[in-house]
There are 2 protein chains.
Amino acid sequence: MNTIRTLPGKAGDARSKLLDAAVTLVRKQGFSATSVDQLCTMAGVTKGAFFHHFTSKDALGAAAADHWTATSSVLFMEADYNRHEDPLDRYLGYLDFREEIATGEVAEFTCYAGTSLQECYSSSDAIRDAAYRSITGHSARLAEDLDQAIAQYGAPQGVTGMSLGLYTQTALQGAFILAKGQGDAAPVHDAIAHLRRYILLLFNRDEKLAKKEPDQ
Amino acid sequence: MNTIRTLPGKAGDARSKLLDAAVTLVRKQGFSATSVDQLCTMAGVTKGAFFHHFTSKDALGAAAADHWTATSSVLFMEADYNRHEDPLDRYLGYLDFREEIATGEVAEFTCYAGTSLQECYSSSDAIRDAAYRSITGHSARLAEDLDQAIAQYGAPQGVTGMSLGLYTQTALQGAFILAKGQGDAAPVHDAIAHLRRYILLLFNRDEKLAKKEPDQ
DNA sequence: TACAACATACCAACTGGTCGGTATGTTGTA
DNA sequence: TACAACATACCGACCAGTTGGTATGTTGTA
């Protein structure tokens, strides 16, 4: 996808510095509210460098979505939860991992793809497509484990791995919005708790869930 | 909250026309990408009128969130699903209703509060607070039915009406983002199907869910 | 009930500043 | 010496917000 080959700290540095700056600033301020000058300042480059590497601000926004995809796919691919034998354990481990990394400032754990998709879906086809690809691609990787879990444990009619993978991202994206309202990661933890409970119930693995009886 | 008393079509019209324009344009383009001039053009008023009614663009954004709260709370309060005797049926009827109104252009069924919260949470305290209030307030009304359902049917430990109400909004907000990527309401329908399944499983009302056995 | 004093609701024109983008350098390296 | 990788200087368009004004109420008082 990305054919650029550069030595870190040398030539080509400006491009990746601008992409990093975009991910950081857009997650905090949104795309429109982030100016080209601001991106250049944070990246430590000039406007000339910006328009040397990107034909427009939109083009940077789309490239940053691909950059985000690449960065985060490495993060999740290398995480420990992938080592579990059981596909369901891998999925549950993914949820644990997402909880772990949801700490600190809100802008640091929210999603570039979701943020820019929300804001730019109608103004820039390139950004919308790249951001949506990021989310569906991530869902597809989850779907592999979930399909295996369905084959192994069964599931209600109509439930597919991809559908559950997309729903997982849906809940996480929504949780990021609530987190922005509240100012902390609590909504992410809450959403993951519900997701976990849903999955355990779906696969009849709910023996661990303490039940409360109806009131008399 | 709002002490303005005006006759429709006469004086004071400008204010509500601007609020309507804000809801429409911000849902389509986002807050930053919508200019004051554009809002005035759509509302059919001048910039003077704008700054007569609102101290700043941010102030309009916050007022539009309150306007959104008022508008949508009427919509849901008057809907038929509220007539169900059973609290769980009321909640399930709410989900059906949300599916019904998720049609047409994406910008027409997405949420002003979620959109502006995502974009403005760090740049405007007033917008963030008003938008977050809109979502939590809506959740709180759902929570009433859900608390009654929990009292009636029981639920796993740790599951509260408010937690489920917030989670419902979480899933819907996330679904709106996916819908923006895809260009239609399918992700909303998918998310609601999962929500419905989760609730039926939670309350042991899953007899209607067709089960698929594990592969041999 | 008449009228002065004031408030509200709006308008057209304008301002200083910022925006994305461009035109034209300079410089290091192969 | 040719070209990629930058830097500098600048442009016109657009931005949120201001100004000085008018038209149409509303209200207190004699």
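Order of the sequence lines fixes the chain letters, A, B, ..., with proteins taken first and strands second; residue numbering starts at 1 for each chain. Model, not experiment: these values are computed from the prediction.
Here CG of A/D129 is found 8.0 Å from OG of A/S124. Values are rounded to the nearest 0.5 Å. Distance CG/B/L39 to CG/B/L19: 10.0 Å, rounded to 0.5 Å. Here the CG atom belonging to A/L92 is positioned 10.5 Å from the CG atom belonging to A/L195, to the nearest 0.5 angstrom.
For the pair B/H53 NE2 and C/dC11 C1', the computed distance is 12 Å after rounding to whole Å. Atom NZ of B/K57 and atom P of C/dG17 are 20 Å apart (whole Å). Atom pair A/R15:CZ and D/dA7:P shows a separation of 16 Å (rounding to whole Å applied). A straight line from CZ of B/F51 to C1' of D/dG20 spans 16 Å, rounded to a whole angstrom.
For DNA chain C, each stem of at least three Watson-Crick or G-U pairs (distances under 3.5 Å) is given as range with range: C:1-30 with D:1-30.
Legend: side chain to side chain donor-acceptor pair (under 3.5 Å) pairs involving residues 36-51 of chain B, not counting sequence neighbours, sorted by first then second residue: B/Q29-B/Q38, B/D37-B/K47. Every pair passing ring-ring contact (aromatic ring centres under 6.0 Å, His included) that includes a residue from residues 28-50 of chain B is listed here, sequence neighbours excluded: B/F50-B/F54.
Proximity of B/H52 to the phosphate of C/dC10: no side-chain N or O atom is located under 4.0 Å from OP1 or OP2.
Among C/dC10, C/dG20, D/dA16, the nucleotide with an atom closest to any side-chain atom of B/D13 is C/dC10.
DNA chain D is contacted by B/T34, B/S35, B/V36, B/K47 of residues 27-50 of chain B, taking any non-hydrogen atom closer than 4.0 Å.
Aromatic ring centroids of B/H84 and B/Y94 lie 6.0 Å or more apart.
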Check: residues 176-183 of chain B side-chain donor-acceptor pairs under 3.5 Å, at least two apart:
from: B/K180; atom 1: NZ; to: A/Q118; atom 2: O; distance (Å): 3.3
from: B/K180; atom 1: NZ; to: A/Q118; atom 2: OE1; distance (Å): 2.5
from: B/K180; atom 1: NZ; to: B/T115; atom 2: OG1; distance (Å): 3.4
from: B/Q182; atom 1: OE1; to: A/Y132; atom 2: OH; distance (Å): 2.7
from: B/Q182; atom 1: NE2; to: B/D184; atom 2: OD1; distance (Å): 3.4

Quick one: side chains of residues 99-106 of chain B, donor-acceptor pairs under 3.5 Å with protein atoms, not counting sequence neighbours, listed by atom name and distance.
from: B/E99; atom 1: OE1; to: B/R196; atom 2: NH2; distance (Å): 2.7
from: B/E99; atom 1: OE2; to: B/H189; atom 2: ND1; distance (Å): 3.1

